[in-house]
Amino acid sequence: MTALDHLMVAPIVVPAVTAPITLRLMRRHRGAALAISLGACVAMLVTAVVLFAAAQDDAIRSYALGNWPAPFGIVLVADRLAVAMLVLAAVLGTVVLGHAVVTGADRRGWHFHPLFHFQLMGLNGAFLTGDLFNLFVFFEVLLIASYGLMLHGQGALRLKTGVAYVVVNIVGSALFLIALGLLYGLTSTLNMADLAVKVAALGAQDQGLLRVAGLLLMAVFALKAAVVPLHLWLPRTYAATMPVVAALFAIMTKVGVYAMIRTVPLIFGARAGAAAWVPAPYLLPAAMLGAAIGFAGVLTARGMREQAAFAVLASTGTLLMPVALWQEAALAAALYYLLQAVLAGAALFLVADVTMRRRGQYADAIVPSPRFAQQDAAGLLYLLAAIAAVGLPPLAGFVGKLLILDASFAAPGWPAVWATILATTMIGVVGFSRSGSTLFWKATPQVEGEALVEPIASTRRSRAEFIAPATLLALLAALTIAAGWVTMQTGATAAQIMAPERYVAAVLGAGR
């Protein structure tokens with residue numbers, strides 16, 4: 001094995017080592033703990049970029065932990081899709097952690113940094129693993145960390161929604177185990193590449209159980225992605241969470257979408273018999289409903305965090321429309337939209353954070369308030385984040401939606417896809433325009449001759465708090481400017497996904 005092959009373990013090992021170190025140092029040596037925590041995020045970003053650069057040769061790299069060959073041992077797989085998601089998670093993690101340190105949000109509890117890194121470990125492991133059972137394990141790692149992060153800062157509402165969040169995910173974990181048990185009973189393996197081979201070889205007598213297992217697995221991924229009607233947990237959970245934590249959670253629902261993209265063409269593709277393209281009949285209607293409900297929530301939201309949560313729900317619905325077509329061009333469009341959706345959703349939460357920290361008792365409520373410190377800067381960031389989330393020019397959301405419309409034009413049911421995207425975009429425009437004008441334009445009446453009232457604020461707010469949301473918006477602008485190169489990357493990634501035999505050969509050997 002080369003040094004590059006061993007580097008594939010770093011995105012999992014680095015946060016796993018960083019978490020206990022920061023836990024040990026945080027109380028007595030906060031400066032050192034912060035340096036290690038931020039340094040680990042930068043190291044993960046550098047590693048992800050190196051792996052992304054290596055993936056440009058279009059090779060799929062497999063790493064057998066403990067030198068146990070697949071399908072008997074644990075295997076990590078770095079293809080174009082996995083390394084792109086690693087880069088996205090590392091970028092988001094670095095920006096969000098920097099914002100947490102600048103604003104002092106990480107001081108609200110001693111365990112923020114360890115939980116943050118365990119969350120990144122779970123995300124990176126989910127992207128790299130080539131085994132369904134280890135996908136379950138990494139799901140549990142990131143979910144357990146997310147439980148703690150969600151409760152960070154305390155509060156009765158946060159505890160109440162946290163209990164509901166835990167219960168929902170326990171049910172999802174139980175269904176995941178049942179699906180894995182069925183698949184293992186049918187095939188005697190949970191290695192994804194080996195499953196692709198053995199599922200295709202199953203006889204007619206096993207087709208019914210195979211379809212049940214496939215549907216259960218897709219239901220679990222749909223729950224993680226908050227696909228309608230399994231979406232009810234998301235708006236209240238994300239709205240009750242600290243904005244800096246919710247910004248990291250912007251990628252959580254996309255992990256469920258990633259799992260669908262990873263497993264359906266590979267395991268439940270054209271050769272899977274009765275389970276071929278198993279979510280296809282249900283996913284497109286659910287995606288369209290999700291986009292509609294999400295943007296309707298944007299229109300009716302009463303707070304900025306609630307509105308951002310519904311925008312995340314809407315983006316997942318929009319993303320799943322091209323995914324549900326299971327065509328190469330549509331997947332390429334979906335992957336471009338996925339990148340911008342994560343960045344735009346996180347930006348909305350961070351803008352909500354800097355705004356509510358300046359509005360005192362008005363917090364993030366979408367009601368008129370007196371002018372507050374740096375209102376114009378916050379309003380500009382909100383405008384740009386809303387443009388990205390809705391999908392208006394000139395930012396990447398517009399390019400992503402154009403790509404989806406173009407890719408779906410020749411697909412069955414394209415008029416419904418077009419109508420949904422165009423109608424929900426209009427609803428989103430109205431929703432963000434209403435809230436933006438209320439928050440940053442209107443003001444409560446003032447007594448004539450009296451100076452503008454400053455909302456209650458216990459400390460002076462630093463302009464450095466604007467760096468993180470501005471960085472995410474700059475990345476969205478870069479995604480727009482480099483749209484030609486990015487679409488070449490997403491096209492090559494989609495081609496790799498829709499050629500599962502290459503994945504199987506890379507993991508099990510060219511003879512399989």
Side-chain angles (χ1 to χ4, degrees), residues 81 84-85 88-89 92 126-127 218 221-228 230-231 234 238 249-265 279-280 282-295 297-298 308-348 388-391 395-408 411 413-414 416-418 420-425 427-428 476 479 483 486-487 489-491 493-494 497:
L81 177 61
M85 296 302 292
L88 180 61
L92 183 64
F127 297 143
M218 292 307 114
F221 297 155
L223 180 65
K224 308 297 184 187
V227 178
V228 173
L230 305 175
H231 69 289
L234 187 146
Y238 282 28
F249 285 6
I251 198 173
M252 290 272 284
T253 55
K254 307 310 183 281
V255 177
V257 178
Y258 166 86
M260 289 186 190
I261 295 173
R262 170 64 71 205
T263 57
V264 171
Y282 318 103
L283 195 55
L284 184 57
M288 291 190 290
L289 275 175
I293 291 172
F295 278 113
V298 167
F310 275 110
V312 169
L313 181 63
S315 71
T316 301
T318 305
L319 168 63
L320 283 171
M321 280 188 266
V323 171
L325 302 177
W326 300 115
Q327 298 175 0
E328 187 176 312
L331 272 181
L335 292 173
Y336 182 94
Y337 187 82
L338 185 153
L339 298 175
Q340 81 83 31
V342 170
L343 297 176
L348 282 173
V390 172
L395 293 181
F398 177 70
V399 178
K401 287 192 173 181
L402 277 183
L403 291 171
I404 293 172
L405 292 174
D406 181 61
S408 63
W414 71 267
V417 174
W418 277 53
T420 302
I421 289 177
L422 295 176
T424 54
T425 299
I427 294 170
L476 285 166
L479 201 59
V486 176
T487 51
Q489 295 293 323
T490 58
T493 304
I497 293 167

* To do: Find the distance between CE (Met321) and OG1 (Thr420) and round it off to the nearest 0.5 Å.
  => 5.5 Å

* Structure fact -> The reported gap from CE in Met218 to CE in Met260 (rounded to nearest 0.5 angstrom) is 6.5 Å

* Structure fact -> So OG1 of Thr424 and CD1 of Ile293: to nearest 0.5 Å the spacing works out to 12.0 Å

* Interatomic distance, Ile404 atom CD1 to Thr318 atom OG1 [nearest 0.5 angstrom] -> 6.5 Å

* How far apart are the C-alpha atoms of Val255 and Lys224, what are their side-chain angles, what is the distance that settles it, and do they pass the side chain to side chain contact (heavy atoms under 4.5 Å, CB included) test? -> CA-CA 7 Å; Val255 177; Lys224 308 297 184 187; over 6 Å; no

* Between Val298 and Gly428, which heavy-atom pair has the shortest distance, and what is it? -> CG1-O, 4.4 Å

* Least distance between heavy atoms, Leu320 atom then Ala287 atom -> CB-CB, 3.6 Å

* To do: Kindly give the heavy-atom pair with the smallest separation between Ser408 and Trp414, and that separation in Å.
  => O-CB, 2.9 Å

* Distance only, no hydrogens: is a donor on one side chain within 3.5 Å (strictly under) of an acceptor on the other, for Lys401 and Thr425? -> yes

* Structure fact -> Smallest heavy-atom separation, Ala259 atom then Thr263 atom, equals O-OG1, 2.8 Å

* Distance only, no hydrogens: is a donor on one side chain within 3.5 Å (strictly under) of an acceptor on the other, for Thr316 and Lys254? -> yes

* Could you grab the distance from atom CD1 of Ile427 to atom CG of Leu422, nearest 0.5 Å is fine? => 11.5 Å

Donor-acceptor pairs are to be reported for all side-chain atoms of residues 324-348 against protein atoms at under 3.5 Å, with residues two or more places apart or in another chain.
unit_1, atom_1, unit_2, atom_2, d
Tyr336, OH, Leu479, O, 2.9
Gln340, OE1, Gly397, N, 3.4

* To do: Classify the ring geometry between Phe249 and Tyr238 as parallel (under 30°), tilted (30 to 60°) or perpendicular (over 60°).
  => tilted

* Proximity of Phe310 and Phe295 rings by center, below 6.0 Å -> no

* What are the two closest heavy atoms between Leu234 and Ala309, and how far apart are they? -> CD2-O, 3.3 Å

* Does Tyr258 reach the main-chain N or O of Phe127 with its side chain, forming a donor-acceptor pair under 3.5 Å? -> yes

* Thr253 and Ala250: which non-hydrogen atoms are nearest, and at how many Å? -> OG1-O, 4.0 Å

* To do: Measure the spacing between CG of Leu403 and CZ of Phe398 and express it to the nearest 0.5 Å.
  => 10.0 Å

